[in-house]
Amino acid sequence: MVTDAEWARIRRALCFGQVFEGTVVKVPRPGAIGIFVDIGLSVGGFVDVLWLPEQSDDWPAEGTVADFEIWWADSRQQIRLRPLDSRYQRNDFADFEARFRPNWPSEAGQPVLDPRPPTLDEVRSALRSDGPPASSP
């Protein structure tokens, strides 16, 4: 674990959409929470179950090396990633992205500051077909 100051320094050097080659280091409870990825920084990367294929057998196994993109980072000392390899993406990856974060194309390349994480209601709304509320990130 790094200090809050070190995490703030690391976070300031990151941009949404930045790509890292990473190694899957842990797949706890396959199909339930997601995967942990080492991207070569002193803080860990994490891919949420929502980005991964529905069948956990299709998830990357520990030791898998693949490209991952920064999707989110906030005050928690963890970089939220999403897989770039289509083998490790949910079936409706593009549609999910458009519903959950419709401004993504314009956000990619922007610096990762310290915004608040999405609320549970925002996540639930993104999973519905009508999309997120207007105030979501």
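Values below: every heavy atom of this structure, side chains too, minus hydrogens, waters and symmetry copies.
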Side-chain touch Arg99/Asp92, heavy atoms, less than 4.5 angstrom: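 Yes; the side chains approach each other to less than 4.5 Å.
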
Quick one: closest heavy-atom pair of [X] and [Y], and the distance?
X      : Y     : answer
Gly109 : Cys15 : O-SG, 3.6 Å
Val27  : Glu62 : N-OE2, 3.3 Å
Leu52  : Pro83 : CD2-CG, 4.3 Å
Leu14  : Ile10 : CG-O, 3.3 Å
Pro28  : Gly34 : CD-O, 3.7 Å
Ser42  : Val2  : OG-CG1, 3.5 Å

Trace of the side chain to side chain contact (heavy atoms under 4.5 Å, CB included) decision for Val49 with Trp59: CA-CA 9 Å; Val49 64; Trp59 288 19; 3.5 Å; yes

Close aromatic pair by centroid cut-off 6.0 Å: Tyr88 and Trp51: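 No - the distance between ring centres of Tyr88 and Trp51 does not fall below the 6.0 Å cut-off.
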
Same apolar cluster (I L V M F W Y, side chains within < 4.5 Å links), Val43/Phe36: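 In one cluster: no.
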
Joint cluster assignment, Trp72 & Leu41, ILVMFWY side-chain distance < 4.5 Å: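 Yes, same cluster.
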
Nearest-0.5 Å distance that lies between atom [atom1] in [X] and atom [atom2] in [Y]:
X     : Y      : atom1 : atom2 : result
Leu50 : Glu97  : CG    : CD    : 13.5 Å
Phe68 : Leu84  : CZ    : CG    : 8.5 Å
Phe46 : Gln78  : CZ    : CD    : 6.0 Å
Gln18 : Ile39  : CD    : CD1   : 8.0 Å
Asp95 : Arg90  : CG    : CZ    : 9.0 Å
Ile70 : Glu107 : CD1   : CD    : 13.5 Å

Arg11 and Ile79: CA distance, side-chain angles, deciding distance, side chain to side chain contact (heavy atoms under 4.5 Å, CB included) verdict: CA-CA 9 Å; Arg11 198 177 55 239; Ile79 299 170; over 6 Å; no

Heavy-atom neighbours of Asn91 CG exceed 12 at 6.0 Å: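 For Asn91, atom CG is not crowded (no more than 12 foreign heavy atoms under 6.0 Å).
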
Cation over ring face, Arg101 and Phe16, 6.0 Å, 45°: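 Geometry flag: set, cation within 6.0 Å and 45°.
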
Evaluation steps, side chain to side chain contact (heavy atoms under 4.5 Å, CB included), between Val37 and Phe20: CA-CA 10 Å; Val37 179; Phe20 285 90; over 6 Å; no

